[in-house]
Amino acid sequence: MKKYIDELIKERKEKDYSLQFDINSPFNRDTAVTFKPLNYYNPNPDSFFKSKLIVYDVKDTVAIIGTKGETRPAVLIGYLELKQKSKSTR
């Protein structure tokens, strides 16, 4: 678990660095926006889930709303089954 948490923290730092300095970052395209490090929850092993993708036999296309309010198609392929300790939720 320690190795996983250490890797997670490293990944978060790399993501913040990339968002702040990467040439393709939206923060470098819009000078009116100032980057602030992302807020993360502290890693909590009791909140970890195991998941399994249950794929539908027949896929469906649904409309989703993008971050700019645009409608775009997305393929609905299934659902995730989540397990936390002995609990299961869908």
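- Rounding to the nearest 0.5 angstrom, the gap separating the OH atom in Y79 from the CG atom in L53 is 9.5 Å.
- Listed for the E70 side chain is a donor-acceptor partner under 3.5 Å among the backbone atoms of K68.
- Between the CG atom of N24 and the CG atom of L19 there is a distance of 11.5 Å, given to the nearest 0.5 Å.
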Pair up each side-chain donor or acceptor in residues 1-8 with any protein partner under 3.5 Å, not counting sequence neighbours, and list the distances.
| from | atom 1 | to | atom 2 | distance (Å) |
| --- | --- | --- | --- | --- |
| K2 | NZ | D6 | OD2 | 2.8 |

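- Here the NZ-CD distance, from K52 to E81, works out to 6.5 Å after rounding to the nearest 0.5 Å.
- More than 12 heavy atoms of other shown residues, nucleotides or ligands fall within 6.0 angstrom of atom CG in N44.
- Residues that satisfy the ring pair (Phe, Tyr, Trp, His ring centres under 6.0 Å) test with F35, not counting sequence neighbours, are F27.
- Distance check: I77 CD1 to D60 CG gives 12.5 Å after rounding to the nearest 0.5 Å.
- Sorted by first then second residue, the salt bridge (charged side-chain N to carboxylate O under 4.0 Å, His left out) pairs that include residues 12-25, not counting sequence neighbours, are K10-E14.
- Summarising the geometry, atom OH belonging to Y56 is positioned 5.5 Å from atom CG belonging to L76; distances are rounded to the nearest 0.5 Å.
- The line from NZ of K50 to CG of L80 is 15.0 Å long, rounded to the nearest 0.5 Å.
- The two residues S18 and S25 make their nearest non-hydrogen contact at O-CB, 3.7 Å.
- Connection of I54 to V62 is established within a shared hydrophobic cluster, with ILVMFWY side chains joined at heavy-atom distances below 4.5 Å, either directly or through further cluster members.
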